[in-house]
There are 4 protein chains.
Amino acid sequence: MTTFEQIAAQLEGQAIEVPSWAYGNSGTRFKVFGTPGTPRTVEEKIADAATVHRFTGLAPTVALHIPWDLVDDFAALRRYAEDLGTGIGTINSNTFQDDDYKFGALTHTDAKIRQKAIDHHFECLDVMAATGSRDLKIWLAEGTNYPGQGDMRGRQDRLAESLQTIYERLLTLGDTQRLVLEYKFFEPAFYHTDVPDWGTSYAQVSALGERAMVCLDTGHHAPGTNIEFIVAQLLRLGRLGSFDFNSRFYADDDLIVGAADPFQLFRILFECVRGGGFGPDSDVAYMLDQCHNVEKKIPGQIRSVLNVQEMTARALLVDRDALTAAQEDGDVLGANAVFMDAFYTDVRPHLAAWREERGLPGDPMAAYLASGYQEQIEADRIGGAQAGWL
Amino acid sequence: MTTFEQIAAQLEGQAIEVPSWAYGNSGTRFKVFGTPGTPRTVEEKIADAATVHRFTGLAPTVALHIPWDLVDDFAALRRYAEDLGTGIGTINSNTFQDDDYKFGALTHTDAKIRQKAIDHHFECLDVMAATGSRDLKIWLAEGTNYPGQGDMRGRQDRLAESLQTIYERLLTLGDTQRLVLEYKFFEPAFYHTDVPDWGTSYAQVSALGERAMVCLDTGHHAPGTNIEFIVAQLLRLGRLGSFDFNSRFYADDDLIVGAADPFQLFRILFECVRGGGFGPDSDVAYMLDQCHNVEKKIPGQIRSVLNVQEMTARALLVDRDALTAAQEDGDVLGANAVFMDAFYTDVRPHLAAWREERGLPGDPMAAYLASGYQEQIEADRIGGAQAGWL
Amino acid sequence: MTTFEQIAAQLEGQAIEVPSWAYGNSGTRFKVFGTPGTPRTVEEKIADAATVHRFTGLAPTVALHIPWDLVDDFAALRRYAEDLGTGIGTINSNTFQDDDYKFGALTHTDAKIRQKAIDHHFECLDVMAATGSRDLKIWLAEGTNYPGQGDMRGRQDRLAESLQTIYERLLTLGDTQRLVLEYKFFEPAFYHTDVPDWGTSYAQVSALGERAMVCLDTGHHAPGTNIEFIVAQLLRLGRLGSFDFNSRFYADDDLIVGAADPFQLFRILFECVRGGGFGPDSDVAYMLDQCHNVEKKIPGQIRSVLNVQEMTARALLVDRDALTAAQEDGDVLGANAVFMDAFYTDVRPHLAAWREERGLPGDPMAAYLASGYQEQIEADRIGGAQAGWL
Amino acid sequence: MTTFEQIAAQLEGQAIEVPSWAYGNSGTRFKVFGTPGTPRTVEEKIADAATVHRFTGLAPTVALHIPWDLVDDFAALRRYAEDLGTGIGTINSNTFQDDDYKFGALTHTDAKIRQKAIDHHFECLDVMAATGSRDLKIWLAEGTNYPGQGDMRGRQDRLAESLQTIYERLLTLGDTQRLVLEYKFFEPAFYHTDVPDWGTSYAQVSALGERAMVCLDTGHHAPGTNIEFIVAQLLRLGRLGSFDFNSRFYADDDLIVGAADPFQLFRILFECVRGGGFGPDSDVAYMLDQCHNVEKKIPGQIRSVLNVQEMTARALLVDRDALTAAQEDGDVLGANAVFMDAFYTDVRPHLAAWREERGLPGDPMAAYLASGYQEQIEADRIGGAQAGWL
């Protein structure tokens with residue numbers, strides 16, 4: 001049995017990127033509920049993100065979404081973030097809120113609209129240059145709602161061509177930038193999605209080159225999909241670029257990571273550890289992509305990064321020698337028992353002590369709630385338009 | 001083999017209620033696309049609904065949604081509709097867009113909020129009195145997003161109590177009004193929904209009385225659910241009040257009825273015919289509940305009512321004597337062949353002739369497109385706020 | 001925060017019935033793997049079941065399946081079981097392995113075949129009389145594979161009639177016997193199942209009388225179904241008769257309870273506790289229904305009853321006052337935190353001590369593996385036909 | 001609008017391979033029903049397959065399954081088949097019914113067991129040499145039932161190595177033989193499957209070489225999966241080797257192709273036509289893989305090949321110029337209407353005439369039922385063991 005002491009060092013430096021949009025309002029097609037204290041500006045979102053990091057030590061960067069987070073001076077925004085103790089992370093493009101993209105963006109039959117979408121990605125690359133971001137993340141909302149509406153095959157070819165253009169420009173930025181292509185089973189398109197599964201994302205990024213990777217959003221799969229298998233496979237193929245963490249009971253519910261199926265999160269993180277996707281030698285990016293529709297936003301983010309940390313600790317606790325021995329012995333129940341023993345271990349007191357040793361609050365949630373930050377932003381952020389998906 | 005001539009008479013009087021909100025804009029949480037010619041007022045919605053009826057002869061009433069369709073004088077609205085050749089149908093309540101309902105309406109722990117939601121339903125009953133509507137349809141968006149967030153059991157009890165209050169008031173309206181309770185698997189709530197399945201709706205309406213019925217929305221089920229079985233069961237139990245027709249590939253996609261799985265629509269309509277849920281002696285209400293996110297709205301509605309009519313014709317064509325004989329003989333393939341023979345029959349030319357005999361255009365869609373109505377509304381409806389889910 | 005000491009007394013007397021067939025061989029349609037030591041007789045199955053109880057103190061009865069467990073003298077079998085420290089529990093009927101039932105049993109169009117199936121249930125009632133069993137459990141494998149193959153509505157009516165006949169005979173046995181009707185989403189039928197969901201089982205048993213109840217098999221639902229909601233609903237309606245515990249990733253996988261989604265098991269057991277379905281005043285029967293296809297059978301059963309016990313302890317640990325307070329306050333994250341705190345508590349050391357105080361091994365699995373029982377049965381049970389689903 | 005005359009020539013030469021095992025008994029884990037006339041030998045299976053071809057002209061080859069169809073002299077078996085007017089098609093391996101494969105075959109941790117599984121595939125290659133078969137089809141039943149039971153990542157690596165060994169031997173057979181790797185979502189393994197999705201199959205066969213292809217079984221996907229998208233994608237990537245046709249409502253139901261969702265079959269075949277996967281220039285193999293659990297087997301196969309033919313005709317009828325025009329015009333309903341028009345066209349009378357022009361019965365099912373073949377085999381095939389999955 002592995003002890004917490006044996007794995008404590010591996011928890012150092014764990015980083016979970018938070019998304020700027022988690023601090024704004026979000027909801028369903030039926031209703032978006034606003035909450036007091038919601039940021040009105042990019043700077044206020046970054047301040048909230050920095051607060052999550054200050055209390056947890058787990059979230060050193062914040063992802064931006066263009067155009068939601070468009071500012072005039074991204075270099076200044078970067079300095080602003082760094083002054084607050086955080087940094088700018090992944091740049092996310094958006095090709096789903098312009099009327100021109102109603103029937104596609106990078107896949108559109110009209111070359112002018114494709115070029116517009118490509119130009120938008122060039123703009124994102126400019127932001128990366130200004131902010132020092134490593135990753136351009138592309139999630140395509142494209143697809144069709146009715147059989148026959150579009151030519152799925154032709155759209156795939158046009159997508160390949162558009163991505164190639166973007167990728168080539170990205171390579172000019174420097175030696176480390178990456179293009180990360182997200183896949184999603186459905187929504188907002190309801191018949192077909194242009195990048196619906198990891199296989200499509202893998203086929204597309206493989207055709208681009210070594211710095212094109214797959215983004216795995218844990219909420220973007222068909223019911224019953226074994227996600228940890230995909231994690232293992234993408235790590236094996238060298239194409240797991242990043243995670244968008246969240247959880248779901250039904251569709252892309254965007255709930256707090258680990259909330260719906262904590263054991264699944266454990267299995268996913270175990271495959272990361274198993275396959276070299278965790279730790280200082282891994283360049284897999286861990287990000288959140290969630291919507292706090294009914295819960296408070298900053299506490300929702302704190303809960304999320306803590307969930308990932310706690311479950312990472314459990315995944316690290318798996319006695320892999322004992323596991324391998326039982327696996328090779330055909331001892332089904334023995335192997336499962338080794339696995340479950342780590343899952344059922346209560347790491348929370350250990351982690352509280354570990355945090356305190358590092359000058360962090362043992363209970364980050366309690367510390368945040370006691371800090372007065374929430375009351376302060378609720379008092380300060382009066383007037384103006386609360387940030388949302390706009 | 002049954003012929004079209006044998007079933008033609010049964011198609012007389014088929015009525016498919018259209019929803020006022022189908023003529024307004026709708027979309028996903030990511031984007032609502034507007035379209036030229038979208039109604040700005042309830043009256044314009046009703047005019048569009050009347051147009052669908054004028055070209056198809058299939059949609060003699062339009063359902064209203066309160067408060068989206070709130071007007072000062074519902075008696076006048078009714079006359080307006082009747083002047084256009086249509087009528088006011090089901091009244092739909094809305095308890096999902098008020099901030100007070102964030103954590104529940106009819107199920108809320110706070111009695112004051114429950115009463116507010118009950119009062120809203122009383123208001124809907126007043127609308128029914130003014131419009132002569134028969135049915136109050138209740139779809140509850142209520143539920144929770146996280147395990148532990150709410151007490152599912154207590155919410156169920158409070159729901160029963162709230163419904164009882166509404167039902168008792170409804171009984172005072174007259175002898176024919178009905179309360180119809182819709183169920184939905186998930187969305188907008190992502191952990192639990194307070195009326196998630198037909199069993200819950202059935203248990204709740206059975207506790208109310210004989211004029212409380214179940215509404216079956218064809219898009220509100222778990223993946224793989226055999227919906228026609230539920231149709232058969234609810235007809236058997238005498239509790240099938242109404243259909244909300246649409247179609248889906250994934251979740252509650254709200255696509256055009258019959259678009260995603262035409263064979264499923266056939267099976268559903270066959271069970272209606274089989275179980276007494278179709279024809280002049282049935283009081284099952286056939287309604288659409290769809291969103292035309294990317295397609296034109298009036299043509300989308302025309303396509304929808306035609307799909308229901310065409311598939312009803314196919315369902316009526318099933319040679320039920322031959323079917324029963326094969327079933328009782330254990331002739332699996334023979335029974336299936338009788339069933340499929342009707343499905344594969346092309347009823348479209350027959351229906352075109354049938355329509356023309358009745359003074360309707362043989363091809364309602366072509367007639368609409370040629371009529372100039374669309375161009376007219378696109379020219380006329382400039383300025384103002386296009387109707388949507390507000 | 002509730003402590004283990006506060007809930008320890010509530011764990012007294014917890015009983016989880018084990019199925020005789022879990023000790024025999026089972027598998028998939030592709031292959032049934034045999035294992036050394038598998039019982040050849042009903043007596044050997046009961047001996048294994050008694051062994052599970054001896055090491056865990058949790059499984060005081062064993063369910064029988066007729067005709068798999070048919071013996072000449074059930075009174076003698078009962079004494080045999082009692083001598084080993086166990087008892088005979090639920091009697092399960094079987095109407096799926098006789099060629100006559102190819103197209104239905106209790107639902108068949110042929111009255112003679114229906115009567116044969118009814119007579120089989122009468123035989124089961126005779127077994128109950130001889131063994132002192134309380135519950136007759138009916139799982140119907142009936143349904144159709146192709147649309148049109150059967151008349152779903154007529155089958156439902158015939159089912160009602162057949163069940164009525166069985167129920168009336170059951171009432172003559174005494175004052176406590178119950179009929180428990182299981183539902184299942186699909187398999188072995190692939191188009192429609194005659195009792196596919198809790199709503200159908202509820203409608204059927206409600207029509208029978210107060211001693212007809214629903215059996216909830218945790219593996220028999222559509223993907224994504226919120227099972228704990230059904231538990232809460234059936235308890236509310238007074239119709240939750242029994243559980244068939246197991247777990248699943250995809251279909252009716254029949255894996256060890258708690259293995260696939262431990263958090264789901266927690267939520268289910270919490271609703272039992274919440275709704276009066278646990279403890280001395282509840283008559284809800286807790287049973288296992290699993291297949292140990294690749295793992296050892298007796299250890300598989302030990303693991304299963306321990307999983308239920310451990311998760312029951314966690315469910316009891318939920319601080320319900322704190323939970324209610326957070327719920328009523330609209331504190332989503334706070335309520336969820338109270339809930340998760342219990343789930344993440346490691347109850348295993350507490351339970352080990354609790355067992356030792358009661359003269360049981362602290363680690364029942366280790367004690368079993370060290371006992372030599374497995375080696376003994378592997379040595380003894382040579383020759384003869386290993387028990388399976390025959 | 002395309003007419004049948006315009007597409008009639010394209011139907012020439014359509015071939016749908018039938019599986020030998022469809023003529024034997026099959027069922028579920030609960031029961032296998034036997035039927036009169038079921039073959040006892042490989043030769044009788046081939047005779048039945050030849051009969052399907054004689055009445056339909058659509059099934060010129062029969063696939064074999066090793067070891068179920070093992071004979072001493074495969075050259076003689078080939079001549080036997082050819083004398084009956086049929087031929088030997090794909091050779092299917094089997095690594096799921098030997099006790100040694102309980103925990104894996106090509107993926108096993110034990111090199112001796114992997115070699116045994118590789119040797120079995122070498123044996124299949126020998127059969128191919130003797131029968132002149134082009135394709136070796138590998139479906140792996142491998143996987144695990146419990147988290148932790150196996151090392152998913154290591155299994156994937158061992159699979160790659162085993163496949164490489166088999167592929168290299170296959171290349172020595174000649175210039176045309178192919179290895180076709182099937183994927184399956186789940187069953188018989190219930191936690192993870194070693195080749196669960198098209199992405200995994202694609203990644204594995206891409207690593208092998210140009211003559212390694214993916215087999216798409218239409219029943220082997222997660223609920224809601226857009227299968228026609230995968231067809232389009234694999235054709236685009238040049239890796240669609242073959243289809244295993246069947247249909248499903250829930251899991252791998254193995255129902256008659258087109259029976260559960262005829263519109264899905266239409267969409268799949270349209271993508272074949274669209275993407276160059278149909279016709280004389282395509283080397284995509286069309287096969288059936290079905291189980292006739294409750295229906296008659298030869299009629300079940302006749303129904304199946306007719307379903308594929310009828311739906312192919314509908315897919316060919318799509319007016320692709322009109323479709324493209326509507327797609328490029330953003331005319332969602334227009335494009336869908338072009339698509340649906342072909343689907344709703346009743347091609348059956350046209351196909352009857354087409355068959356008669358070619359000396360085939362216009363109604364193959366009726367001709368078979370009138371032929372006396374069924375009565376003859378029921379009379380002749382008395383005694384012996386009926387073929388099944390053994």
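Convention: sequence-line order gives letters A, B, ...; per-chain numbering from 1.
Pro223(C) approaches Ala222(B) most closely through the heavy-atom pair O-CB, 3.9 Å. What you find for Gly148(C) and Ala335(B) is that their closest heavy atoms are O-CB, 3.3 Å. For Leu237(B) against Ala203(C), the heavy-atom pair with the smallest separation is CD1-CB, 4.0 Å.
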Which donor-acceptor pairs fall under 3.5 Å between chain C and chain B:
from	atom 1	to	atom 2	distance (Å)
Pro147(C)	O	Asn336(B)	ND2	2.9
Gly148(C)	O	Gln327(B)	NE2	2.9
Gly150(C)	O	Gln327(B)	NE2	3.3
Asp151(C)	OD1	Arg274(B)	NE	2.8
Asp151(C)	OD1	Arg274(B)	NH2	3.4
Asp151(C)	OD2	Arg274(B)	NE	3.3
Asp151(C)	OD2	Arg274(B)	NH2	2.8
Gln156(C)	OE1	Gln233(B)	NE2	3.1
Asp157(C)	OD1	Arg236(B)	NE	2.7
Tyr191(C)	O	Asn226(B)	ND2	3.0
Tyr191(C)	OH	Glu228(B)	OE2	2.5
Asp197(C)	OD2	Trp198(B)	NE1	2.7
Trp198(C)	NE1	Asp197(B)	OD2	2.7
Thr200(C)	OG1	Gln233(B)	NE2	3.3
Asn226(C)	ND2	Tyr191(B)	O	3.0
Glu228(C)	OE2	Tyr191(B)	OH	2.5
Gln233(C)	NE2	Gln156(B)	OE1	3.1
Gln233(C)	NE2	Thr200(B)	OG1	3.3
Arg236(C)	NE	Asp157(B)	OD1	2.7
Arg274(C)	NE	Asp151(B)	OD1	2.8
Arg274(C)	NE	Asp151(B)	OD2	3.3
Arg274(C)	NH2	Asp151(B)	OD1	3.4
Arg274(C)	NH2	Asp151(B)	OD2	2.7
Gln327(C)	NE2	Gly148(B)	O	2.9
Gln327(C)	NE2	Gly150(B)	O	3.3
Asn336(C)	ND2	Pro147(B)	O	2.9

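Contact of the Pro147(C) side chain with the Phe263(B) side chain is registered, since non-hydrogen atoms from C-beta on lie closer than 4.5 Å.
Chain C forms the most heavy-atom pairs under 4.5 Å with one residue out of Phe270(B), Phe229(B), Phe266(B), and that residue is Phe229(B).
Only the side chain of Phe185(B) has a heavy atom closer than 4.5 Å to any heavy atom of chain C. Only the side chain of Phe103(C) comes within contact range of chain B, judged by heavy atoms closer than 4.5 Å. In this structure, chain B has heavy atoms under 4.5 Å from both the backbone and the side chain of Leu235(C).
With sequence neighbours excluded, the residues that form a side-chain contact (heavy atoms from CB on, under 4.5 Å) with Ala313(C) are Phe4(C), Ile7(C), Leu11(C), Val347(C), Leu351(C).
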